[in-house]
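Reading through the structure tokens given below for one structure.
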Number of protein chains: 2
Amino acid sequence: MRSPLMSGSMEHHMRSCLALADEAATLGEVPIGCLITDPHGRVIARSHNRTRSQHDPTAHAEILALRQACAHLQVARLDGSCLYVTLEPCAMCAAAISFAHIHTLYFGAYDPKGGGVEHGPRFFQQPTCHHRPHVIGGICEQDCAQRLQQFFLTKRPQSPA
Amino acid sequence: MRSPLMSGSMEHHMRSCLALADEAATLGEVPIGCLITDPHGRVIARSHNRTRSQHDPTAHAEILALRQACAHLQVARLDGSCLYVTLEPCAMCAAAISFAHIHTLYFGAYDPKGGGVEHGPRFFQQPTCHHRPHVIGGICEQDCAQRLQQFFLTKRPQSPA
């Protein structure tokens, strides 16, 4: 669902994700930022896309943040935690978010071309999805979308994928 | 599609994946094995599930093999490579296989509960999937399925997920 109102902590965390997205862009990585909070609201992981620098097609911001949070807590599931990310997760990340038992997913821009939550496979709506997080999309949507549009216009005009 | 015939190298590689699955089982991990061959047919990555020992919900056999192969070649895409795995990949792994530009996916057992190729999201059939590998399923199907059935019956009777 779209965010009905912009609560302070939601916007605060999404602004932190935008700062991480900016860091990614300076490294030539797709500007997507992500963070995870524990059930007490403490930030336990921060990441951005690193597919190019790490030579790793799975190094999306969400995957890196999930691995970081699980390593930090020495668990394979993050029940009660929330994940914030500037772009609607793809199917790979949506499935990983489900496997990690994330309580609530907050995302910024919608992604009709590659999204896996509100588009394409709509993973959380599938019978093969066994943990469905709450989902709130559209947080700081304009700012999140602009980061990506700007990046592909100026840095990688021939490579929008 | 189901495998029309059992070519020697397909079966040989799937038997290697079954040996990796057996290694996983001895460690208390879900017995799923995976390997990747380069365009010349050389094996460049071998892995099995490690979600428990690595405290990592993304540590499926396929994800680990893709990361290993990309690290080995220092690339983020594996054009012309083939991936063999004992179980139909989930949505997370199917998307990762697509992102890595795997040429052909060979899998063993079908997975109606959690598969993302022939079940549920059917990722490769979505408009948000931008690289579709060839897919051949059902290789050594009985042996692959039996490994998993046996594991869940004897090792983790209360935890089939």
Side-chain angles (χ1 to χ4, degrees), chain A residues 29-30 49-60 62-79 88-102 111-131 160-161, chain B residues 29-30 49-60 62-79 88-102 111-131 160-161:
Chain A
E29 299 279 3
V30 179
N49 230 49
R50 290 185 187 273
T51 54
R52 296 200 152 200
S53 58
Q54 293 194 355
H55 303 298
D56 181 355
T58 75
H60 286 194
E62 302 95 311
I63 297 289
L64 296 178
L66 289 167
R67 294 178 59 212
Q68 195 183 118
C70 288
H72 173 69
L73 299 175
Q74 290 286 287
V75 295
R77 291 182 176 175
L78 300 165
D79 294 88
E88 176 189 345
C90 69
M92 174 179 74
C93 295
I97 286 165
S98 171
F99 297 156
H101 282 212
I102 289 290
D111 185 6
K113 286 187 186 169
V117 176
E118 305 287 350
H119 300 91
R122 291 175 169 79
F123 181 72
F124 302 137
Q125 297 175 36
Q126 295 291 340
T128 51
C129 173
H130 307 297
H131 170 86
Chain B
E29 300 279 4
V30 179
N49 232 49
R50 291 184 187 272
T51 55
R52 297 199 152 199
S53 57
Q54 294 195 354
H55 302 298
D56 181 355
T58 75
H60 286 194
E62 301 94 312
I63 298 288
L64 296 178
L66 289 167
R67 294 178 59 213
Q68 195 184 117
C70 288
H72 174 70
L73 299 175
Q74 290 286 288
V75 295
R77 290 182 177 175
L78 300 165
D79 295 270
E88 176 189 344
C90 70
M92 174 178 75
C93 295
I97 286 165
S98 171
F99 298 157
H101 282 212
I102 289 290
D111 185 6
K113 287 187 184 167
V117 176
E118 305 287 350
H119 300 91
R122 291 175 170 77
F123 181 73
F124 301 137
Q125 297 176 35
Q126 296 292 340
T128 52
C129 173
H130 307 298
H131 170 85

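Letters A, B, ... are given to chains in the order of the sequence lines, protein chains preceding strands, and every chain is numbered from 1. These numbers were taken from a predicted model, which means no experiment stands behind them.
- Here the shortest heavy-atom pairing between B/Arg77 and B/Cys70 reads N-SG, 4.5 Å.
- Options B/Gln54, B/His60, B/Arg67 differ in how many heavy-atom pairs under 4.5 Å they form with chain A, and the most are formed by B/Arg67.
- Ranked by heavy-atom pairs under 4.5 Å with chain B, the first of A/Leu66, A/Ile63, A/Thr58 is A/Thr58.
- Highest contact tally toward chain B, considering only A/Ala100, A/Pro127, A/Ala76, A/Ala95, is held by A/Ala76 [criterion: heavy-atom pairs under 4.5 Å].
- The two residues A/Val117 and A/Glu88 have their closest heavy-atom pair at N-OE2, 3.1 Å.
- Taking each heavy atom of B/Pro121 and B/Ala91 in turn, the nearest pair found is CG-CB, 3.7 Å.
- Counting heavy-atom pairs under 4.5 Å between each of A/Leu78, A/Asp111, A/Leu73, A/Val75 and chain B puts A/Val75 at the top.
- Contact count against chain A (heavy-atom pairs under 4.5 Å) is highest for B/Met92 among B/Met92, B/His130, B/His101, B/Gln125.
- When every heavy atom of B/Phe124 is checked against every heavy atom of B/Cys129, the shortest pair comes out as CA-SG, 3.8 Å.
- Taking every heavy atom of both residues into account, B/Glu118 and B/Arg122 meet most closely at O-NH2, 2.9 Å.
- Heavy-atom distances place the backbone of B/Thr51, and not its side chain, under 4.5 Å from chain A.
- Listed here is the closest heavy atom pair of B/Ile97 and B/Pro89: CD1-CG, 3.9 Å.
- Residue contact with chain A, scored on non-hydrogen atoms closer than 4.5 Å, involves the backbone of B/Ala71 exclusively.
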